[in-house]
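The structure appears below as structure tokens.
As the structure is a computational prediction, the values presented were derived from the model and not from experiment.
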Amino acid sequence: MKKLPIGVATFSELIENNYTYIDKTAQIHRMVNEGKIYFLSRPRRFGKSLLVNTLENLFKGNKELFKGLYIYDKYDWTQNYPVIYLDFASIGHKNPETLERSLNDFINMTKMEHSIDLVSEDLTSKFTELIIRIHEKYDKKVVILIDEYDKAISSHLDDIEIAKGNRDVLRSFYQVLKPNDKHIHFIFVTGISKFTKTSIFSDFNNLDDITINPKYSNICGYTQKDLEENFKEYIDEISENSNVAPEIILDLIKKWYDGYSWDGGNFLYNPFSILEFFNNGKFNNYWFDTGTPKLLIDLIDKKGVDTEVLVNKSATFSGTFPSFKLENLDFATALLQTGYLTIKKEEETIFGESSEYKLAIPNKEVHDSLFSYILGTYTNYDESQIQPMTNKMIKYILNLDETNLQKSFEILLHKIPNILYGKLKKEFEAHYQILAISWLQLLGFDIEGEVMTIKGRMDAVLKQKHNIIIIEFKFSETESMDNMLNDGLNQIIKNEYYKPYQNKNVILLSVAFQPRNVKCKLLNLKKAFKLLKKV
């Protein structure tokens, strides 16, 4: 069996040390032959750095590393180019001054690598001179590869002034590229987020953003074919150890880790999660555990959560891959760019009109991790505590165990930190809705939120094979808990929300929230009718 390349993003190391490499050189061949300046957005841990490093080896002419790959007998290996490779994972950026010094250090190290002298002192002029001098020395145009271009911005969204300052430094740095086009053979830039006003996107009218281009949809990530052909021995080994058929193992892997797409037609597995799964032999939220992007954390903390996105678990956008403005960050865009939403379908439009894309959560790993994280953010629990608690609450609902369900709700609310409670009082209902929605999403049912009927709108319906749970949430700082609970049940009965489901086991759940307080009432349909007749 070939080794699993966990944590290996160096192309030469993968090839020379018998690691599994999924051949992406067909897309690379197309890219280097059809254009010159590219941008690609993909979530973290999705293979961007390996792609950049592969391009570096290609342009440096390291032919033997590509033996057996698609591009080996199709690329002109007599053509090699000097490469400037800027990886922002190694660039300091705690403030604009640090960023500028670190970029200066990078230029100084690069000039030493190529044994050239520079006379310029300011950052912009120095970068310009570096490109020109390297071109002159080798009589070859320069290839510029920039990995994680946005890290110095997205890492500081908790301090917008630092983020703006870093953006200004980068704008001055990147603006060198366009006027020096005659010295540059090829530019490739990767990142997670697409920020406006960074010069790369505002100055280059010929930049090709291939993020949602179907020709490059599979340039990072593993396809179903990649999975089955390259990891068959690992699948068989897990099947034998667990005494579960390979077909079932594959179905479970698909449910947990498949579903990412940037064209709505080709779907991919997250490489990091797949490699960790085969290494450990068990299902887990591996990708999420590598660290939630600061972008998402700051949006939840500063701007709250778009409940429409959470209830429907989807959103849409039209046209090109959406960009961010630092002054107006959008929650759905953040979810898409960071990998918590993905393109599930390109909607049909009139020819010549902008395409519209339907977004959704890609798979079980992302779904469970996202809602556990949001719930944990509000309640101060970590994911390992949230999921077991949620599993117990499912049993309490199905067993009509109102007492223990009530205790579980109280435990969740009790853990809300005082600093967050101060925020909750300002936007009372909205924040408790987020808590409730995140909890619902973790219950493991098919969920419909804000369901419209002839007589009204249900807050939520949870569906299982034989069970239907109709839920109403009530929020008030002044009304009594019992009145709110009865109002919720009355609303379900009076508006006949139960009628489409009378062939199922229908359970009614009314939940009332006050600041620092929660109460629930849990009944089957028959008992609900009896109770409400007495009220």
- Task: For Arg42 and Leu40, run side chain to side chain contact (heavy atoms under 4.5 Å, CB included): C-alpha distance rounded to whole Å, both residues' side-chain angles, the deciding distance at 0.1 Å, then the answer.
- Result: CA-CA 7 Å; Arg42 288 293 184 267; Leu40 176 72; 3.6 Å; yes
- Run the numbers on Asp401 and Asn404 for side chain to side chain donor-acceptor pair (under 3.5 Å), then give the verdict. CA-CA 6 Å; Asp401 188 347; Asn404 279 312; 2.8 Å; yes
- Check step by step if side chain to side chain contact (heavy atoms under 4.5 Å, CB included) holds for Leu51 and Ile219. CA-CA 8 Å; Leu51 176 62; Ile219 199 166; 4.0 Å; yes
- Message: If you apply the rule side chain to side chain contact (heavy atoms under 4.5 Å, CB included), what do you find for Leu443 with Thr390, and how did you get there?
- Response: CA-CA 6 Å; Leu443 290 178; Thr390 304; 3.7 Å; yes
- Item | Evaluation steps, side chain to side chain donor-acceptor pair (under 3.5 Å), between Asp209 and Thr211 | CA-CA 6 Å; Asp209 182 353; Thr211 299; 2.7 Å; yes
- Message: Assess the residue pair Leu509 and Phe473 against the criterion (side chain to side chain contact (heavy atoms under 4.5 Å, CB included)); give the C-alpha distance rounded to whole Å, side-chain angles, the decisive distance to 0.1 Å, and a yes or no.
- Response: CA-CA 9 Å; Leu509 174 59; Phe473 296 105; over 6 Å; no
- Message: For Asn218 and Thr223: C-alpha separation, side-chain torsions, deciding distance, then whether side chain to side chain donor-acceptor pair (under 3.5 Å) applies.
- Response: CA-CA 7 Å; Asn218 297 341; Thr223 65; 5.9 Å; no
- Message: For Tyr234 and Phe277: C-alpha separation, side-chain torsions, deciding distance, then whether ring-ring contact (aromatic ring centres under 6.0 Å, His included) applies.
- Response: CA-CA 10 Å; Tyr234 285 98; Phe277 167 72; over 10 Å; no
- Could you please spell out the steps behind the ring-ring contact (aromatic ring centres under 6.0 Å, His included) verdict for Trp287 and Tyr340? CA-CA 11 Å; Trp287 175 73; Tyr340 295 94; 5.1 Å; yes
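Looking only at side-chain heavy atoms (C-beta outward), Leu523 and Lys521 come within less than 4.5 Å of each other. When side chains are defined from C-beta on, Leu250 does not count as touching Lys254, because their heavy atoms never get closer than 4.5 Å. Considering only heavy atoms from C-beta on, Tyr498 stays 4.5 Å or farther from Val461 through its side chain. Side-chain contact between Asn270 and Val366 is absent, with no heavy-atom pair separated by less than 4.5 Å. Residues Thr190 and Val52 are in side-chain contact: their nearest non-hydrogen atoms beyond the backbone lie under 4.5 Å apart. Side-chain contact between Asp168 and Pro96 is absent, with no heavy-atom pair separated by less than 4.5 Å. Residues Leu227 and Ile274 form a side-chain contact, since some pair of their non-hydrogen atoms from C-beta on lies under 4.5 Å apart. Within the 4.5 Å cutoff, no side-chain heavy atoms of Val506 are placed close to those of Asn524.
The main-chain N or O of Leu522 is found under 3.5 Å from a side-chain atom of Glu402 such that the two form a donor-acceptor pair. In this structure, the side chain of Asp150 does not engage the main chain of Ile153 through any donor-acceptor pair within 3.5 Å. Put simply, the side chain of Ser372 gets close to the backbone of Asp368: a donor and an acceptor are under 3.5 Å apart. Remark: the backbone N or O of Gly264 is not paired with any side-chain donor or acceptor of Lys358 at under 3.5 angstrom. Put simply, the side chain of Asn399 gets close to the backbone of Lys395: a donor and an acceptor are under 3.5 Å apart.
Using a cutoff of 4.0 Å between basic side-chain nitrogens and carboxylate oxygens, Asp251 and Lys255 are not scored as salt-bridged.
Annotation: the span from Lys151 atom NZ to Phe88 atom CZ amounts to 11.0 Å, rounded to 0.5 Å. In this structure, CD1 in Ile253 is found 10.0 Å from CG in Asp258, a value given to the nearest 0.5 Å. To the nearest 0.5 Å, atoms CD1 (Ile397) and NZ (Lys392) are separated by 14.5 Å. Distance check, rounded to the nearest 0.5 Å: OG of Ser154 to NE2 of His93 gives 8.0 Å. Rounding to the nearest 0.5 Å gives a distance of 14.0 Å between CZ of Arg45 and SG of Cys220. Considering CD of Gln464 and CG of Leu398, their distance stands at 5.5 Å, rounded to 0.5 Å.
Sorted by first then second residue, the salt bridge (Lys or Arg N to Asp or Glu O under 4.0 Å) pairs that include residues 213-223, not counting sequence neighbours, are Glu34-Lys215.
When the shell of 6.0 Å around CD of Glu240 is examined, it contains 12 or fewer heavy atoms from other residues, nucleotides or ligands.
The aromatic ring centres of Trp262 and Phe46 sit less than 6.0 Å apart. In this structure, Phe409 has its ring center closer than 6.0 angstrom to the ring center of Trp439. You'll find the ring centres of Tyr257 and Tyr269 outside the 6.0 Å limit. Phe195 and Tyr149 have their aromatic ring centers separated by at least 6.0 angstrom.
Smallest separation of non-hydrogen atoms from Tyr286 and Glu365: N-OE2, 2.8 Å. Considering every non-hydrogen atom in both Glu479 and Met484, the closest pair reads O-CE, 3.6 Å. Listed here is the closest heavy atom pair of Lys499 and Gln502: O-NE2, 3.4 Å. Of all heavy-atom pairs between Gly339 and Pro43, the closest is CA-CG, 3.6 Å. Here the shortest heavy-atom pairing between Ala152 and Asn166 reads O-ND2, 2.8 Å. When all heavy atoms are compared, the tightest approach of Gly488 to Ser510 is CA-OG, 3.6 Å.
A donor atom on one side chain and an acceptor atom on the other are found under 3.5 Å apart for Glu410 and Gln406. A side-chain N or O of Asn495 and one of Tyr497 form a donor-acceptor pair less than 3.5 Å apart. A donor atom on one side chain and an acceptor atom on the other are not found under 3.5 Å apart for Gln337 and Ser41. Remark: the Thr20 side chain and the Asn230 side chain contain no N/O donor-acceptor pair separated by less than 3.5 Å. Side-chain contact check for Asp263 and Ser261: at least one donor-acceptor pair (N or O, by modelled atom type) lies under 3.5 Å.
In this structure, the ring-ring contact (aromatic ring centres under 6.0 Å, His included) partners of Tyr38, at least two apart in sequence or on a different chain, are Phe186.
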